[in-house]
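Note sheet for the following structure.
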Amino acid sequence: MEITTLSRSEQKRQQIIAAATSLFMEKGFPNTSMDQIAKLAEVSKQTVYSHFKDKNNLFVETVTAHCSSSNLRKEQFEATQTLEENLLRVLTNFISLVFSPEALRVYDTCVAHKDEYPELALLFYEAAPKVVIQQVETCLQSIAAAGLLTIENPKFATLQLLGMATGDWKLRHALGHAKADDLPPAEYVADCVMRFIKMYR
């Protein structure tokens, strides 16, 4: 097994991202300063700015890092699995990402400060939801190319599938009326897969 050793610069970059993630989660975006991030990361403020031009850019990097660690970003159509298994895997990983404490907190931050920092919401959308939607769309395109489903508009189909999977759970979390473990149950997700297949078969 090949072991990759990070360069000193990359190690510091990862330290900064980890520190920023922790502080953004704890204090929120407006109440977190680059000085605090530098101190927690045990690097100079100059080092932080040499890697990230501003706090907005660093915020997006923390979101991107979280999404990149998700299994969903690695999802591809697996020809060795059934259609149901493929779709169920995609939805399960999607739900794990969307309802993770980090994702929910970031979403809340963007909504709460949309008037003060309107660019933040756009940066977040470009770095996370848009990328995830494109990844799922690519999976559906592969499924259609394999002749398993007839999907004329993969983008629409993607939004239908993901929207159906989140149900009203995402809204209840956003309104503060759901517990951390209040997620779409497995039987509901499986039912979404069956109905989606029936619609496009």
For C192 versus M164, what's the shortest heavy-atom pair and its separation?
O-CE, 3.3 Å

Should L91 and M194 be regarded as members of a common hydrophobic cluster, given that ILVMFWY residues are connected when their side-chain heavy atoms come within less than 4.5 Å of each other, either directly or indirectly?
no

Whether R89 and E78 form a salt bridge (side-chain N of Lys/Arg under 4.0 Å from carboxylate O of Asp/Glu) is what I want to check.
no

Is V63 reachable from L123 through a run of I, L, V, M, F, W or Y residues, each pair having side-chain heavy atoms under 4.5 Å apart?
no

Spacing of CD belonging to Q81 relative to CG belonging to L87, to within rounding of 0.5 Å:
10.5 Å

Euclidean distance, K55 NZ relative to Q36 CD, rounded to 0.5 Å
8.5 Å

Please assess K170 against L104 for the test side-chain contact (heavy atoms from CB on, under 4.5 Å), listing each intermediate value before the final yes or no.
CA-CA 9 Å; K170 183 68 183 293; L104 290 172; 4.2 Å; yes

State whether the side chain of R172 and the backbone N or O of A178 hold a donor-acceptor pair below 3.5 Å, judged by distance alone.
no

Without swapping roles, check the side chain of H173 against the backbone of D182 for a donor-acceptor pair under 3.5 Å.
yes

So Q141 and F77, do their side chains get closer than 4.5 Å, heavy atoms only?
no

Is there a side-chain contact between L149 and F196 (heavy atoms, below 4.5 Å)?
yes

Could you tell me whether the side chain of E61 reaches within less than 4.5 Å of the side chain of I16, counting heavy atoms only?
no

Q46 atom CD, over 12 foreign heavy atoms within 6.0 Å:
no

When rounded to the nearest 0.5 angstrom, what distance separates OG1 in T64 from CD in E126?
10.5 Å

Does the side chain of E10 reach to within under 4.5 Å of the side chain of R13, using non-hydrogen atoms?
yes

Geometric class of the Y117/H113 ring pair [parallel <30°, tilted 30-60°, perpendicular >60°]
perpendicular

Minimum heavy-atom distance A174-D108, with the two atoms named:
CA-OD1, 4.2 Å

Quick one: does any side-chain atom of E85 pair with a main-chain N or O of T82 as donor and acceptor, under 3.5 Å?
yes

For Q11 and Q15: C-alpha separation, side-chain torsions, deciding distance, then whether side chain to side chain donor-acceptor pair (under 3.5 Å) applies.
CA-CA 6 Å; Q11 286 178 343; Q15 287 172 220; over 6 Å; no

Intermediate values then yes/no, side-chain contact (heavy atoms from CB on, under 4.5 Å), E102 and F24:
CA-CA 9 Å; E102 295 84 359; F24 286 143; over 6 Å; no

Nearest heavy-atom neighbours spanning Y188 and G167
OH-CA, 4.0 Å

Hydrophobic clusters here meaning ILVMFWY residues chained together by side-chain heavy-atom distances under 4.5 Å, can you tell me if V90 and F99 are in one?
yes

For F94, run the side-chain contact (heavy atoms from CB on, under 4.5 Å) check against L162, I133, V189 and tell me which one passes.
L162

Please step through side-chain contact (heavy atoms from CB on, under 4.5 Å) for the pair V43 and H51, ending with a clear verdict.
CA-CA 11 Å; V43 299; H51 285 279; over 6 Å; no

Within this structure, what is the CG-OH distance for the pair L161 and Y200, rounded to the nearest 0.5 Å?
9.0 Å

What's the spacing between L58 CG and F29 CZ if we round to 0.5 Å?
8.5 Å

Nearest-0.5 Å distance, CZ of residue F59 to CG of residue D54:
12.5 Å

Minimum heavy-atom distance A165-I95, with the two atoms named:
O-CD1, 4.3 Å

Test item: C110 and Y125 side chains (from C-beta on) under 4.5 Å apart, heavy atoms
no

When hydrophobic residues are tied together by side-chain contacts of less than 4.5 Å, even through go-betweens, does L120 share a cluster with V132?
no

Path from Y49 to V60 over hydrophobic side-chain contacts below 4.5 Å:
no

What closest approach, in Å, do I37 and A19 show between heavy atoms, and which atom pair accounts for it?
O-CB, 3.8 Å

E119, CD atom: more than 12 neighbouring heavy atoms under 6.0 Å
yes

Return the minimal non-hydrogen interatomic distance between T62 and I17, and the atom names on each side.
CG2-O, 3.9 Å

Do any N or O atoms from the side chain of S100 and from the backbone of L97 form a donor-acceptor pair under 3.5 angstrom?
yes

